[in-house]
Amino acid sequence: MKIVFTFLTLALFISCGEVKKEPKQKVTEVTIPNSLKSTTLEGEEILLGKITLDQLKLFSPWYQREYDFYKVNPSQAKELKPLLKNIRITLLLGTWCEDSQREVAPMLKILKESEFTLEQIELIAVSEDKDTPDGLEKKYDLFNVPTLIFSKNNKELNRIVEFPIETLEQDMLKILKDESYKNAYAE
């Protein structure tokens with residue numbers, strides 16, 4: 001019994017050696033400044049202006065639900081990956097808009113699955129009049145939201161407006177492969 005006790009005590013001292021601590025990860029608190037908040041005519045709080053993905057997630061209870069619900073086509077996401085190199089993406093949306101609430105999270109989920117860095121996407125939240133206090137939307141000839149714009153070398157390739165024609169993945173592939181694609185409002 002004394003041997004067992006000695007063995008357990010020795011094991012305890014050995015195992016209580018110096019424990020390596022993992023470096024603490026810097027946690028950035030997400031805030032939404034009042035300058036990005038506004039209200040609709042009905043009194044609903046909305047975001048306006050250039051926002052971050054973290055701000056959108058924090059503000060919009062619908063974001064995570066739609067993100068989790070959408071099932072990305074893995075083969076099409078894989079096909080998108082090399083096509084997204086050197087592509088600039090702008091997403092204009094309305095946090096008040098049902099179409100944005102339905103389409104934005106899936107759009108971003110597809111891009112993430114395609115290994116596009118989501119922090120590189122310019123997110124612009126607009127009012128019901130499809131404008132922002134700083135006029136950020138003016139250079140995009142905005143008609144409806146959401147509008148997902150793909151650009152390369154400062155030239156717009158094409159855009160998905162409000163909803164896909166086929167599926168989000170198929171529409172993105174057509175745009176990035178420079179195939180014939182017209183959004184629902186193109187003439």
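Every heavy atom of this structure was used, including side-chain atoms; hydrogens, water molecules and symmetry mates were not.
- Proximity of a side-chain donor or acceptor of T132 to a complementary backbone N or O of G135 within less than 3.5 Å is detected.
- Taking hydrophobic clusters as Ile, Leu, Val, Met, Phe, Trp and Tyr residues chained together by side-chain heavy-atom distances below 4.5 Å, Y67 shares a cluster with L47.
- Cluster membership for I51 and F59, using ILVMFWY side-chain heavy atoms within less than 4.5 angstrom, is shared.
- To the nearest 0.5 Å, atoms CD (E122) and CZ (R88) are separated by 5.0 Å.
- Here the straight-line distance linking atom CG of L92 with atom CD1 of I124 works out to 4.5 Å at 0.5 Å rounding.
- Counting heavy atoms from C-beta on, the side chains of Q170 and Q76 come closer than 4.5 Å.
- Using cut-offs of 30° and 60° for the angle between ring planes, the F143 and Y185 rings count as tilted.
- Listed by chain and number, the residues in a side chain to side chain donor-acceptor pair (under 3.5 Å) with E156 are R159 (sequence neighbours excluded).
- Listed here is the closest heavy atom pair of T52 and L123: C-CD1, 3.8 Å.
- A distance-only check finds no donor-acceptor pair linking the side chain of S60 to the backbone of Y63 [under 3.5 Å].
- Although no hydrogens or angles enter the test, the distance criterion places no donor-acceptor pair under 3.5 Å between the side chain of T95 and the main chain of I46.
- Listed by first then second residue, pairs satisfying side-chain hydrogen bond (donor to acceptor under 3.5 Å, both in side chains) with a partner in residues 100-114 read D99-R102, not counting sequence neighbours.
- Remark: T39 OG1 to E44 CD distance equals 9.5 Å, nearest 0.5 Å.
- Put simply, the side chain of Q120 never gets that close to the backbone of I89: no donor and acceptor are under 3.5 Å apart.
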Evaluate E166 against K174 for salt bridge (Lys or Arg N to Asp or Glu O under 4.0 Å), listing each step before the verdict.
CA-CA 10 Å; E166 295 178 41; K174 281 188 172 189; 2.6 Å; yes
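- Under the 3.5 Å distance criterion, the side-chain polar atoms of T147 are matched with a main-chain donor or acceptor of N144.
- Summarising the geometry of I149 relative to S151, their closest heavy-atom pair is CG2-OG, 3.9 Å, with the distance given to 0.1 Å.
- The line from OH of Y70 to CD of E66 is 11.5 Å long, rounded to the nearest 0.5 Å.
- In plain terms, the two heavy atoms of K152 and N86 that are nearest each other are CG-O, 3.6 Å.
- With hydrogens and angles disregarded, a donor-acceptor distance shorter than 3.5 Å links the side chain of D171 to the backbone of I165.
- Here the closest heavy-atom approach between residue E162 and residue V145 is recorded as CG-O, 3.8 Å.
- Taken together through direct or relayed side-chain contacts under 4.5 Å among Ile, Leu, Val, Met, Phe, Trp and Tyr, I87 and V72 form part of one hydrophobic cluster.
- A heavy-atom distance below 4.5 Å is found between the side chains of L56 and V104.
- Closest approach of I32 to K37, counting heavy atoms only: O-CE, 3.5 Å.
- The side chain to side chain contact (heavy atoms under 4.5 Å, CB included) test with L148 singles out one residue from L91, N158, I110, and that residue is L91.
- Minimum interatomic distance between V126 and W96 (heavy atoms only, all atoms of both residues): O-NE1, 2.8 Å.
- Between the side chain of E169 and the main chain of N73, a donor-acceptor pair closer than 3.5 Å is present.
- The main-chain N or O of D131 is never found under 3.5 Å from a side-chain atom of D129 such that the two would form a donor-acceptor pair.
- One distance of note links CG of L36 with OG1 of T31; it measures 9.0 Å at 0.5 Å rounding.
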